[in-house]
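To start, the structure itself, in structure tokens.
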Amino acid sequence: MKYSGWELSFFDISKNFRDYQYQLIKRYIKDNILEMGPGNGTLAANYLAKSFSNISVSEIDQQLNKKLFKKFKNKKNIIVYKKKIIKFTNKFNTII
């Protein structure tokens, strides 16, 4: 089954929702982060990248993954992967 991602643009423009979401979790986040299924990468780009230096995002949907590679190609603190969580051998302090 292919993921359509139809709702992602609504989340991306819902600044209040994203702010609320981040306020709930930010005190638990430690550097060396893995965000699984980041969609368009809004959380990583607008919140995590401002405060953390080691961020990995992994999106298995091919179209979303291509968007993430393009979006983060010049960000030195964000690495984009296309693999399932079970395939990671790295250790992370925070998984979102």
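Side-chain contact annotation: Y47 with D19, donor-acceptor N/O pair under 3.5 Å present.
Every residue two or more places apart in sequence or in another chain that forms a side-chain hydrogen bond (donor to acceptor under 3.5 Å, both in side chains) with K26 is listed here: Q23. Residues satisfying the side-chain contact (heavy atoms from CB on, under 4.5 Å) criterion with T94, sequence neighbours excluded, are I29, K30, I33, I96. Scored by the side-chain hydrogen bond (donor to acceptor under 3.5 Å, both in side chains) test, S51 finds no partners at all (sequence neighbours excluded).
Between atom NZ of residue K73 and atom CD1 of residue I78 there is a gap of 14.5 Å, rounded to the nearest 0.5 Å. Atoms OH and CG, from Y81 and N90 in turn, are 5.0 Å apart once rounded to the nearest 0.5 Å. Y20 OH to N16 CG: the interatomic distance, rounded to the nearest 0.5 Å, is 12.0 Å. Summarising the geometry, atom CD1 belonging to I60 is positioned 13.0 Å from atom NZ belonging to K83; distances are rounded to the nearest 0.5 Å.
The number of heavy atoms from other shown groups lying within 6.0 Å of NZ (K75) does not exceed 12.
In terms of heavy atoms, P38 sits closest to L68 at CG-CD1, 3.5 Å. When all heavy atoms of K82 and E59 are compared, the closest pair comes out as CG-O, 3.5 Å. The two residues A44 and V57 come nearest to each other via the heavy atoms CB-CG1, 3.9 Å. Nearest heavy atom pair, residue I55 against residue F52, reads CD1-O, 3.9 Å. Among all heavy-atom pairs drawn from K91 and N32, the shortest one is O-ND2, 2.9 Å.
Put simply, the side chain of S56 never gets that close to the backbone of I79: no donor and acceptor are under 3.5 Å apart. A donor-acceptor pair under 3.5 Å is formed between the side chain of D61 and the backbone N or O of Q63. Remark: the backbone N or O of N54 is paired with a side-chain donor or acceptor of D31 at under 3.5 angstrom.
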Apply the test side-chain contact (heavy atoms from CB on, under 4.5 Å) to residues N46 and R18: give CA-CA distance (whole Å), side-chain angles for both, the deciding distance (0.1 Å), then the verdict. CA-CA 9 Å; N46 296 342; R18 289 293 186 197; over 6 Å; no
